[in-house]
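In what follows, a single structure is set out as structure tokens and then discussed.
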Amino acid sequence: MSKINIKISLILLISCIFILSACGKGEKVTGSEGKTLSVGTEATFAPFEFMSKGKVTGFDVDLLNAVAKKAGYKVDIKNTGWDTMMAGIQDNSIDVGMAGITINEKRKKSYDFSHPYFESINMIVVGKDSTVKNAMDLKGKKIGVQNGTTGQMASEKLFGANNKNILKYETSAMAFMALENGDVDAVVTDNAVANEYVKKNPDKNVKTVDDKTNFSSEYYGILLPKSSSLKSKFDKALNEIFDDGTYTDIYKKWFGVEPDIKPLKAAQE
Ligand code: ARG
């Protein structure tokens with residue numbers, strides 16, 4: 001090989017490495033029809049995200065697909081687990097987090113969120129014959145929560161951070177399993193998920209208990225990296241699907257009733 005040839009091969013090699021490493025991180029370019037965003041989730045959170053026939057499915061999946069489509073993106077949703085999703089957005093290995101994620105001040109310091117797309121509140125799940133009537137009745141009882149979620153935060157607010165009776169599980173499903181096994185007396189989780197679990201498990205002898213005094217209303221948003229350029233695009237797309245009936249169709253598919261979009265819009269910043 002001549003010197004020039006060696007030089008050219010070297011330049012080619014270096015640019016290949018450069019292109020490959022650029023593609024490895026963040027948004028992947030898939031051609032002129034738009035980018036494919038890598039999306040992380042924790043898919044044991046029906047009806048928002050759960051595994052069905054090896055695929056992540058649920059309200060969040062349909063909603064994100066609709067929002068991304070309007071914004072000109074494709075999505076690749078992977079069941080990464082909660083912690084990997086949260087970390088992945090910060091180190092740019094994941095572009096978007098979609099997991100019934102509550103918008104709160106603490107998270108807003110490290111992440112961006114889309115406009116709110118769903119209103120939620122924590123709820124208690126206990127055995128059918130439990131005497132628990134509200135959250136204060138959980139005092140001294142073992143509470144199962146998904147680690148790092150608002151169920152944990154709400155329980156700690158009532159009974160103290162690092163309280164030994166608050167047991168933290170990696171997934172939402174594991175917290176429910178702990179209830180089934182008798183490892184905990186109650187699970188504190190998002191109301192739609194609590195209701196779905198009780199409805200889908202009539203044989204497990206469980207019931208929900210709500211408490212609108214000790215728990216407060218929350219909004220879900222699509223999780224994005226801080227100062228993401230996707231934020232304005234997703235916000236615009238979300239408002240478009242609120243207005244063109246797409247959101248209503250998706251909501252009715254998963255919840256069987258009409259959504260109330262007004263309070264969601266009123267909560268936009
Ligand atoms: N909304 C709660 C939070 O943001 C719980 C979300 C849990 N989501 C899940 N896919 N496991 O903390």
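Heavy atoms only: backbone and side chains are in, while hydrogens, waters and symmetry mates are out. In listed order, ligands and their atoms are each counted from 1.
- Residue Met153 does not touch ligand 1, judged by heavy-atom distances below 4.0 Å.
- For atom 8 (N) of ligand 1, the nearest non-hydrogen atom of the protein is Ala99 O, 2.7 Å.
- The contact set between ligand 1 and Gln146, taken as ligand atoms under 4.0 Å from a residue heavy atom, comprises 7 (C), 9 (C), 11 (N).
- Asp211 and Asn214 are linked by a side-chain donor-acceptor pair at a separation below 3.5 angstrom, with hydrogens and angles left out of the test.
- Aromatic ring orientation, Phe59 versus Tyr117: parallel (interplanar angle below 30°, classes split at 30° and 60°).
- The six-membered or imidazole ring of Phe255 lies near that of Phe118, with a centre-to-centre distance under 6.0 Å.
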Please step through side-chain hydrogen bond (donor to acceptor under 3.5 Å, both in side chains) for the pair Thr150 and Glu218, ending with a clear verdict. CA-CA 9 Å; Thr150 54; Glu218 311 176 354; 3.0 Å; yes
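- Protein heavy atom at the shortest distance from atom 5 (C) of ligand 1 is Asp190 OD1, 3.5 Å.
- Taking each of Met86, Arg107, Gln152 in turn, the one with a heavy atom nearest to atom 3 (C) of ligand 1 proves to be Arg107.
- Tyr197 has its side chain within reach of Val206: a pair of non-hydrogen atoms, C-beta onward, lies under 4.5 Å apart.
- In Thr150, the parts holding a heavy atom less than 4.0 Å from any atom of ligand 1 are both the side chain and the backbone.
- The atoms of ligand 1 that sit less than 4.0 Å from any heavy atom of Ile101 are 4 (O).
- Taking a cut-off of under 4.0 Å to the non-hydrogen atoms of Thr149, the atoms of ligand 1 that pass are 5 (C), 7 (C), 12 (O).
- Using cut-offs of 30° and 60° for the angle between ring planes, the Tyr220 and Phe45 rings count as tilted.
- Ion pairing between Asp235 and Lys231 holds under the 4.0 Å rule for side-chain N and carboxylate O.
- Numbered from 1 in the order shown, with element, the atoms of ligand 1 that lie under 4.0 Å from a heavy atom of Tyr220 read 1 (N).
- Among all non-hydrogen protein atoms, the one lying nearest atom 10 (N) of ligand 1 is Glu42 O, 2.9 Å.
- Within a 6.0 Å radius of NZ in Lys236, no more than 12 heavy atoms belonging to other residues, nucleotides or ligands are found.
- Ligand 1 does not have Phe48 within reach: every non-hydrogen atom of the residue lies 4.0 Å or more from it.
- Residue contact check for ligand 1: Gly100 places a non-hydrogen atom closer than 4.0 Å to it.
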